[in-house]
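Remember, predicted model here, so these are calculated numbers, not experimental data.
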Amino acid sequence: QVQLVESGGGLVQPGDSLRISCAASGLTGNSYAMAWFRQAPNKEREFVAAIRWPNGATFYADSLKGHYTMSRDIAKSTMYLQMNSLKPEDTADYYCALILNPIASTIRTRDRYHYWGQGTQVTVAS
């Protein structure tokens with residue numbers, strides 16, 4: 001059974017940076033993508049960014065390009081989201097998700113993901 005465990009959320013001030021992580025376990029194949037979605041209070045869960053295995057291709061929500069950066073540690077099956085210049089509107093629960101055998105047209109689609117983590121809260125406030 002695939003498990004996803006997020007870590008690294010917290011309370012930061014506007015303008016700060018923060019890196020959150022998601023570690024996957026129980027994987028048996030090598031064709032998948034890991035993604036971050038976020039859900040702010042009273043809003044829909046939205047796509048943030050994704051990274052594919054094995055080739056490392058990254059995908060970002062258009063509004064967040066240059067603001068967030070995805071990376072990974074292949075040996076640890078872990079992905080990271082580096083968030084810079086955080087703003088109060090970045091406040092949300094950030095969820096890690098995994099999709100098996102993805103194609104580019106589905107990577108940004110929430111309902112196509114097979115596994116989800118429990119989420120980590122990021123709060124940006126002064």
What closest approach, in Å, do [X] and [Y] show between heavy atoms, and which atom pair accounts for it?
{"X": "L81", "Y": "W36", "answer": "CB-NE1, 3.4 Å"}
{"X": "Y94", "Y": "I20", "answer": "CB-CD1, 3.7 Å"}
{"X": "L98", "Y": "M34", "answer": "CD1-CG, 3.8 Å"}
{"X": "A35", "Y": "A50", "answer": "CB-CB, 3.7 Å"}
{"X": "L18", "Y": "L86", "answer": "CB-CD1, 3.8 Å"}
{"X": "I51", "Y": "G56", "answer": "CG1-O, 3.7 Å"}

Hydrophobic clustering (ILVMFWY, side-chain heavy atoms < 4.5 Å, transitive) - are [Y] and [X] grouped together?
{"X": "W116", "Y": "V48", "value": "no"}
{"X": "L27", "Y": "I74", "value": "yes"}
{"X": "Y32", "Y": "L4", "value": "yes"}
{"X": "V124", "Y": "Y95", "value": "no"}

Can any side-chain N or O of [X] pair as donor or acceptor with the backbone N or O of [Y] at less than 3.5 Å?
{"X": "R112", "Y": "P102", "result": "no"}
{"X": "R108", "Y": "Y60", "result": "yes"}
{"X": "H114", "Y": "I99", "result": "no"}
{"X": "H67", "Y": "M83", "result": "no"}
{"X": "S77", "Y": "A23", "result": "no"}
{"X": "E6", "Y": "G119", "result": "yes"}
{"X": "T120", "Y": "G9", "result": "yes"}

Measuring only between side-chain heavy atoms, which start at C-beta, is [X] closer than 4.5 Å to [Y]?
{"X": "V12", "Y": "T123", "value": "no"}
{"X": "R38", "Y": "E46", "value": "yes"}
{"X": "Y68", "Y": "Q82", "value": "no"}
{"X": "Q1", "Y": "Y115", "value": "yes"}
{"X": "S71", "Y": "M79", "value": "no"}

**Item:** Ion pair check, R45 and D93, cut-off under 4.0 Å
**Value:** no
**Prompt:** Ion pair present between R110 and E44, side-chain N to carboxylate O less than 4.0 angstrom?
**Reply:** yes
**Request:** Would you please say whether a donor-acceptor pair under 3.5 Å links the side chains of T78 and D73?
**Result:** no
**Message:** Ignoring hydrogens and geometry beyond distance, is a side-chain donor-acceptor pair present between Y80 and R19 at under 3.5 Å?
**Reply:** no
**Message:** Would you say that more than 12 heavy atoms from the other residues, nucleotides or ligands in this model lie under 6.0 Å from the CD of Q118, or not?
**Reply:** no
**Asked** Residues two or more places apart in sequence or in another chain: which of them pass ring pair (Phe, Tyr, Trp, His ring centres under 6.0 Å) with Y113?
**Response** F37
**Request:** Taking ring pair (Phe, Tyr, Trp, His ring centres under 6.0 Å) as the test, write out the residues that go with F59, two or more places apart.
**Result:** none
To the nearest 0.5 Å, tell me how far [X] [atom1] sits from [Y] [atom2].
{"X": "Q13", "Y": "S126", "atom1": "CD", "atom2": "OG", "value": "7.0 Å"}
{"X": "S63", "Y": "E89", "atom1": "OG", "atom2": "CD", "value": "10.5 Å"}
{"X": "T69", "Y": "N84", "atom1": "OG1", "atom2": "CG", "value": "6.0 Å"}

